[in-house]
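To start, the structure under review is shown below, and the notes come after it.
Below, read A as the first sequence line, B as the second, and so on, with proteins coming before strands; counting in each chain starts at 1.
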Protein chains: 2
Amino acid sequence: MLSNSSKYALKAVLYLTLHTDENNKMMAKDISEKISVPKAYMAKLLQGLAKREIISSTKGPKGGFYINPSNKNRTIMEIIEVIDGKKKMESCMMGLKDCNEHKPCPIHSIINPSRSKMIALLESKTINDLAKDLKLNKVFLPS
Amino acid sequence: MLSNSSKYALKAVLYLTLHTDENNKMMAKDISEKISVPKAYMAKLLQGLAKREIISSTKGPKGGFYINPSNKNRTIMEIIEVIDGKKKMESCMMGLKDCNEHKPCPIHSIINPSRSKMIALLESKTINDLAKDLKLNKVFLPS
DNA sequence: CAAAAAACATGATATTAATCATATTTAGGA
DNA sequence: TCCTAAATATGATTAATATCATGTTTTTTG
């Protein structure tokens, strides 16, 4: 459902939200260790997120990655879409090209209500919402 | 969420349910054409399903694949599990190893109620249930 | 019993996703 | 200004899926 890349990206963005800002940047290597993601892969992912302006970065000594307040208001789905593309989550679970409400596949009615709800939630919850839950110890990140 | 193999398997099993029985078998090649799945891949998949006794087969002239009544009562989830394994659908969407109700990942509460419902439905609906919907033109298979 | 038609078993190739590696660019500090 | 520390760009490798191909076994039928 989510690629590894999306999972890693979500973890990283959340970690950055909790631990960085413009004055407290963090290197790819350190982030990768904290959230248990292979370091070279993490670096590449963070670079991609920075290029698409989901997170921010500066080069050179004292440089690193961080996230600024406006980006903390992005939704979970925005992060996922940047990595996996828009259609992946919404495509027919039986792989039929033209499956829709008027011409549904056999499992459409089984899958779709739940999935639509899930997607709606991912589109409404922001990074910041999740970060708050983390601060309150209502949810957890490691492993 | 589902591998291509699972999607193809589901389509094939449904097709067999509608069009075959012990006296009306069908060759891999013909099934593959009907449901738009690459023929060699279809053959391999059908052989696997037959070995695990999800469907039946006989060799030689007039041979082919078919499904018998008792197998039509298998659930959708059983088909999926035979191909993708049990855990794939239930694993944490953030990829955390020990995510659970007591120590949930940040998106656990967003995802899980919907997903649990989806899984419960896949575990309760049988091949036969879907075949009935197909017969009544309530749902569709092609492409 | 021989030939042909089918599934079966096995392995080869291709494609995609995940992971690793490294030379280049940029910025800070001595 | 020069050195160093960081991200960046790019590409190589590995691993997992998906796909293709083919020789072997079984069964029907002439």
Side-chain angles (χ1 to χ4, degrees), chain A residues 1-12 16 20 22-33 35-68 80 82-85 87-88 91 94-95, chain B residues 1-12 16 20 22-33 35-68 80 82-85 87-88 91 94-95:
Chain A
M1 194 147 208
L2 292 194
S3 66
N4 260 355
S5 293
S6 276
K7 290 172 181 169
Y8 294 168
L10 259 181
K11 283 210 273 184
L16 289 172
T20 69
E22 188 149 14
N23 305 309
N24 297 282
K25 297 160 193 163
M26 214 171 162
M27 295 191 301
K29 175 169 163 296
D30 294 331
I31 300 167
S32 78
E33 282 166 7
I35 65 176
S36 314
V37 170
K39 126 166 132 341
Y41 195 10
M42 182 82 279
K44 197 170 198 175
L45 260 178
L46 290 168
Q47 286 164 25
L49 291 169
K51 189 195 290 199
R52 288 141 189 266
E53 301 185 5
I54 302 293
I55 63 176
S56 309
S57 65
T58 59
K59 289 182 175 182
K62 294 285 170 190
F65 296 93
Y66 63 101
I67 187 165
N68 59 37
I80 294 172
V82 158
I83 307 288
D84 286 349
K87 53 193 181 311
K88 183 159 184 177
S91 64
M94 286 195 71
Chain B
M1 192 147 209
L2 292 193
S3 67
N4 260 355
S5 293
S6 277
K7 290 172 182 170
Y8 294 167
L10 259 181
K11 283 210 273 183
L16 289 172
T20 70
E22 189 149 14
N23 305 311
N24 297 281
K25 298 159 193 164
M26 215 170 160
M27 296 191 300
K29 176 169 162 295
D30 295 329
I31 300 167
S32 78
E33 282 167 8
I35 65 176
S36 315
V37 170
K39 129 167 128 346
Y41 195 9
M42 182 82 279
K44 198 171 200 174
L45 260 177
L46 289 168
Q47 286 165 25
L49 291 170
K51 190 195 290 197
R52 288 140 190 266
E53 300 184 7
I54 301 293
I55 63 177
S56 309
S57 64
T58 60
K59 290 182 176 182
K62 294 284 170 191
F65 296 93
Y66 63 101
I67 187 164
N68 59 35
I80 294 172
V82 158
I83 308 287
D84 287 348
K87 56 193 179 311
K88 182 159 185 178
S91 63
M94 284 195 72

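Toward the 5′ end of DNA chain D lies the nearest nucleotide of A:Pro61, the other residue of the pair A:Pro61 and A:Ala50 mapping further downstream.
A close approach under 4.0 Å does occur between a side-chain nitrogen or oxygen of A:Ser5 and OP1 or OP2 of C:dA18. Side-chain nitrogen and oxygen atoms of B:Tyr41 include none within less than 4.0 Å of the OP1 or OP2 phosphate oxygen of D:dT17. Side-chain N/O atoms of A:Ser57 include one lying less than 4.0 angstrom from OP1 or OP2 on D:dT8.
Between A:Phe65 atom CZ and C:dT26 atom C1' the separation is 13 Å, expressed in whole Å. The separation between B:Lys88 atom NZ and D:dA16 atom P is 13 Å, rounded to whole Å. One atom, OH of B:Tyr8, and another, C1' of D:dT17, lie 11 Å apart when rounded to the nearest Å. The interatomic distance linking A:Lys44 (NZ) with C:dT19 (P) rounds to 12 Å, in whole Å. Rounded to an integer number of Å, the gap from B:Gln47 CD to D:dT24 C1' is 12 Å. Protein atom NZ of A:Lys39 is 8 Å distant from nucleotide atom P of C:dC20, rounded to whole Å. Rounded to an integer number of Å, the gap from B:Met42 CE to C:dA7 P is 12 Å. Between the C1' atom of C:dT26 and the NZ atom of A:Lys59 lies a distance of 5 Å, rounded to the nearest Å.
Contact of the B:Lys88 side chain with the B:Ser3 side chain is registered, since non-hydrogen atoms from C-beta on lie closer than 4.5 Å.
Among the atoms of the strands shown, only primed sugar atoms or phosphate atoms (P, OP1, OP2) are found under 4.0 Å from some heavy atom of B:Ala28. Residue contacts for A:Lys25: at a heavy-atom cut-off of 4.0 Å it reaches no nucleic acid atom on any strand shown.
Put simply, the residue from B:Leu2, B:Leu45, B:Ile54 that forms a side chain to side chain contact (heavy atoms under 4.5 Å, CB included) with B:Ile83 is B:Leu45.
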Next item on the list: Please step through side-chain contact (heavy atoms from CB on, under 4.5 Å) for the pair A:Ile55 and A:Thr20, ending with a clear verdict.
Entry: CA-CA 11 Å; A:Ile55 63 176; A:Thr20 69; over 6 Å; no

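Listed by chain and residue number, nothing satisfies the side-chain contact (heavy atoms from CB on, under 4.5 Å) test with A:Lys59 (two or more places apart in sequence, or in another chain).
Of the candidates C:dA9, C:dA21, D:dT19, the closest approach to any side-chain atom of A:Ala40 belongs to C:dA21.
Donor-acceptor pairing under 3.5 Å is recorded for the side chains of B:Ser5 and B:Tyr41.
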